[in-house]
Structures are given as structure tokens and as C-alpha cells.
Participant: 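Quick one: this structure, given as C-alpha cells, is what I'll be asking you about.
What you see is a predicted model; the values in this text were computed from it and never measured. Order of listing sets the numbers, starting from 1, for every ligand and every atom in it.
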Amino acid sequence: MAERFRPDLRWSDATPKATWLDRRRLLAGAGAAAGLALARPAAAAIVASPSRWSTDEARNSLADVTGYNNFYEFGTAKEDPAANAFRLTTDPWAVVIEGLVERPGTYDLADLLRGRPLEERIYRLRCVEAWSMVIPWIGFELAGLLARVGVRPGAKYVAFTTLYRPEEMVGQQWGILAWPYVEGLRLDEAMHPLTILATGLCGEPLPNQNGAPLRLVVPWKYGFKSIKSIVRIALTATEPPATWNRTQPGEYGFYANVNPAVDHPRWSQATERRIGGGILAPRVPTLAFNGYGEHVAGLYAGMDLARFY
Ligand SMILES: Nc1nc2c(c(=O)[nH]1)N[C@H]1C(S)=C(S)[C@@H](COP(=O)(O)O)O[C@H]1N2
Ligand SMILES: [Mo]
């Protein structure tokens with residue numbers, strides 16, 4: 001990371017500092033979420049317009065969304081990311097954009113975000129482990145960013161890489177996965193308007209445990225495709241490696257479209273547990289493409305989804 005990186009322009013310059021300080025203070029205290037509505041100053045809210053892509057289902061609480069996470073860079077238990085991710089330095093933050101693009105380079109996050117209107121996207125998130133949440137993300141369409149850097153002919157996939165910094169990401173000190181975490185999308189999936197890069201949630205900058213400062217959200221795929229804390233985006237001609245697919249190819253495919261008809265080898269994918277409903281809440285049926293089929297099923301016309309799982 002070097003040439004085009006400009007430490008004088010940090011992405012936090014585009015974010016009210018009070019938001020960050022307030023968020024840290026709140027997360028530091030036990031039971032913080034309970035007092036959130038009262039404690040959060042009005043100035044901390046991110047300006048994001050509503051979207052026709054949002055669901056009107058009941059959203060999960062900030063406590064759910066920030067307290068029950070998968071982010072193996074900070075440990076494998078659901079509460080580990082909330083406990084350990086405070087160590088992550090997210091400012092300055094640079095993203096390398098390379099491969100089959102017209103304008104490759106190392107971009108400071110502030111540069112990438114400048115002039116890019118933010119939207120609130122309330123999406124269902126379905127983890128491959130058969131639990132789900134409804135999360136009000138804040139972000140922008142990946143398609144807009146790809147248009148800005150210019151996709152060159154021959155590009156067919158987009159590859160993403162998470163930060164590798166074991167001194168801050170304590171889970172990377174163990175060989176749980178082959179670090180860094182990598183993921184990929186087909187170019188048409190990446191260009192779909194439902195595919196966003198998120199910089200916030202619940203009206204605030206993205207908490208570290210949710211993949212600050214920049215993470216992918218692909219709502220019709222299992223959650224592991226939505227890679228966190230991205231430092232590299234590359235346009236490629238061939239299918240890029242994906243961490244869970246590489247780790248257990250028989251259990252996790254490259255496509256990973258939510259599909260109630262194709263079970264995980266070790267459990268059913270027909271239903272899911274909605275986090276926050278309490279242990280007595282009935283499981284809810286899982287929907288094909290996580291309920292986004294009318295918008296995305298066409299991307300897979302003619303494909304055998306049991307084979308390309
Ligand atoms: N780098 C990285 N990204 C990741 C993961 C991870 O362990 N490392 N876990 C994935 C999984 S399995 C899920 S379900 C979602 C969870 O996102 P959330 O914690 O913000 O709800 O993040 C995904 N992105
Ligand atoms: Mo997941």
C-alpha cells in the first residue's frame with residue numbers, strides 16, 4: 001500500500017467525530033444498548049435516504065446486530081467480535097482496487113466515499129448456520145463504485161480481501177482459517193442493485209464487529225459471502241477463491257445462494273431461527289434466495305442450483 005494513499009484525507013473526516021466517540025463510549029459500557037436512544041446525540045445520525053429495496057419486517061435491535069456476530073478474525077464464539085474488535089484501527093483505511101479495471105490504485109476510503117450518497121437498506125441476513133436477522137444497513141451500491149473505477153472487458157468476477165493484521169485481529173493468531181479471509185462474486189451479481197458496500201448500520205458508522213469501516217452485503221446469499229473489513233477489490237477473469245469454499249468445499253459452495261431445498265450436509269436449511277425472538281419463538285421457513293428471488297433468480301437461469309450450491 002503506498003503511492004496513491006493520502007493520509008491527509010481520512011474517511012473519518014466525512015463522519016462527525018462525535019459519532020465515533022459516542023459509539024465507543026456506549027459499546028464500552030454493559031447494557032449500553034438499552035440507553036442508546038436517549039444517549040445518542042441527534043448530530044450522530046448518518047444522513048441516508050430510504051430505499052425501495054428495504055423490507056418492512058421488524059428490525060433487529062442494535063444489541064442483537066452488534067452482540068451476536070460471525071467474524072472469525074476476532075474469535076469463533078458469537079460474542080467474541082463484540083469483545084475483541086475494539087482493537088481494530090479503522091482510520092486511516094485504504095482499499096486497493098486492481099485487476100481488470102481502468103483506474104487501479106490504492107484509494108483512501110474517504111476518496112471512495114466522497115460524493116457517494118448513502119442509502120439505508122433494511123435487509124434480511126441469513127447465516128448458513130440457519131439463524132437470521134433483519135439489519136438496517138447504510139451503504140451504497142457496489143455497481144456505482146465499479147463504474148467509477150471502470151470495469152475492463154474480460155472481467156467476469158470480483159474478488160474481495162479482508163484486512164490481515166494479526167496484532168489487532170486476535171483470531172488471526174490462530175489457524176482457524178487460511179488468512180486473510182477472501183470472497184468473490186460473479187460480475188453480474190456484483191453489479192446487481194441489491195449488492196451494497198456498507199459503511200454503517202442502525203443509523204451509525206459501522207461497528208468494528210460488523211466489519212468496519214467497509215463490508216460487503218449480498219442479501220440473497222448466505223452471510224459468509226458478505227465479507228467484512230475490505231482492503232482489496234480485484235476484477236478478475238476467473239473465479240476467485242472464497243474462504244469457506246476453500247476450507248470445506250463439500251459444505252460451502254462458491255455461489256452460496258440461500259436455498260431451503262439444498263441442505264447443508266450437517267443440518268437442514270429449510271427453516272431458520274430469527275435472532276431476538278426468544279427461545280420460544282417458532283422457527284420461520286427459509287425462502288429461496290432469502291426472499292429476493294423475484295429480483296435475482298434470473299441471474300441463475302438454466303443453472304442447476306443443487307450442483308452450483
Ligand atoms: N472477514 C470476515 N467476514 C465475514 C465473516 C468472517 O468471519 N470474517 N463471517 C461471515 C458470516 S458467516 C456472517 S453470517 C456475516 C455476519 O455479519 P454480522 O456479524 O455483521 O451480522 O459476516 C460474514 N463476513
Ligand atoms: Mo454466517
Side-chain angles (χ1 to χ4, degrees), residues 27 59-85 88 90 93 95 121-139 159-166 168-172 174-185 195-202 204-233 241-248 251-253 256-259 264 266-267 269 272-276 286 290:
L27 289 179
R59 320 160 176 214
N60 278 92
S61 67
L62 183 67
D64 290 341
V65 174
T66 60
Y68 187 94
N69 301 100
N70 274 336
F71 199 171
Y72 277 24
E73 284 83 342
F74 295 105
T76 55
K78 294 291 180 281
E79 59 277 10
D80 286 345
N84 296 328
L88 179 64
T90 58
W93 194 271
V95 182
R121 294 282 181 105
I122 308 168
Y123 284 164
R124 291 176 293 278
L125 173 87
R126 170 58 157 84
C127 177
V128 74
E129 298 163 337
W131 53 264
S132 61
M133 293 200 207
V134 175
I135 303 181
W137 303 107
I138 290 170
F160 304 88
T161 308
T162 292
L163 177 71
Y164 178 70
R165 192 185 286 159
E168 293 184 1
M169 298 177 126
V170 293
Q172 290 178 335
W174 298 289
I176 315 161
L177 294 172
W179 311 111
Y181 195 101
V182 292
E183 259 303 342
L185 294 173
T195 302
I196 60 167
L197 288 172
T199 59
L201 56 77
C202 299
E204 302 187 17
L206 203 58
N208 286 0
Q209 59 264 49
N210 296 94
L214 186 74
R215 65 90 58 84
L216 184 69
V217 182
V218 193
W220 72 94
K221 292 175 178 286
Y222 291 122
F224 66 81
K225 297 295 289 184
S226 293
I227 182 174
K228 297 177 171 183
S229 303
I230 295 167
V231 294
R232 177 179 177 266
I233 299 175
T243 287
W244 281 105
N245 175 238
R246 200 163 54 180
T247 307
Q248 303 264 35
E251 300 193 1
Y252 310 101
N257 293 314
V258 175
N259 190 344
H264 185 279
R266 292 183 279 129
W267 58 83
Q269 295 290 27
E272 63 201 52
R273 182 171 61 94
R274 185 59 60 84
I275 300 299
T286 289
N290 201 22

Participant: Apply the side chain to side chain contact (heavy atoms under 4.5 Å, CB included) test between Glu183 and each candidate in Asn245, Ile227, Thr243; give the one that qualifies.
Facilitator: Ile227
Participant: Tell me, please, which residues at least two apart from Tyr222 pass ring pair (Phe, Tyr, Trp, His ring centres under 6.0 Å).
Facilitator: none
Participant: Considering only NZ, NE, NH1 and NH2 on the basic side and carboxylate oxygens on the acidic side, decide whether Glu129 and Lys78 come within less than 4.0 Å.
Facilitator: yes
Participant: In a check of side-chain hydrogen bond (donor to acceptor under 3.5 Å, both in side chains) between Trp220 and each of Thr195, Asn257, Asn290, which one passes?
Facilitator: Asn257
Participant: My understanding is that only one of Tyr164, Trp93, Tyr181 makes a side chain to side chain contact (heavy atoms under 4.5 Å, CB included) with Ser229; could you say which?
Facilitator: Trp93
Participant: Hey, which residues fall under 4.0 Å of ligand 1 on heavy atoms?
Facilitator: Asn69, Asn70, Phe71, Tyr72, Glu73, Leu125, Cys127, Trp137, Thr162, Tyr181, Asn210, Arg215, Gly223, Phe224, Ser226, Ile227, Lys228
Participant: Is the side chain of Gln172 donor-acceptor paired with the backbone N or O of Leu163 at a distance under 3.5 Å, no angle test?
Facilitator: yes
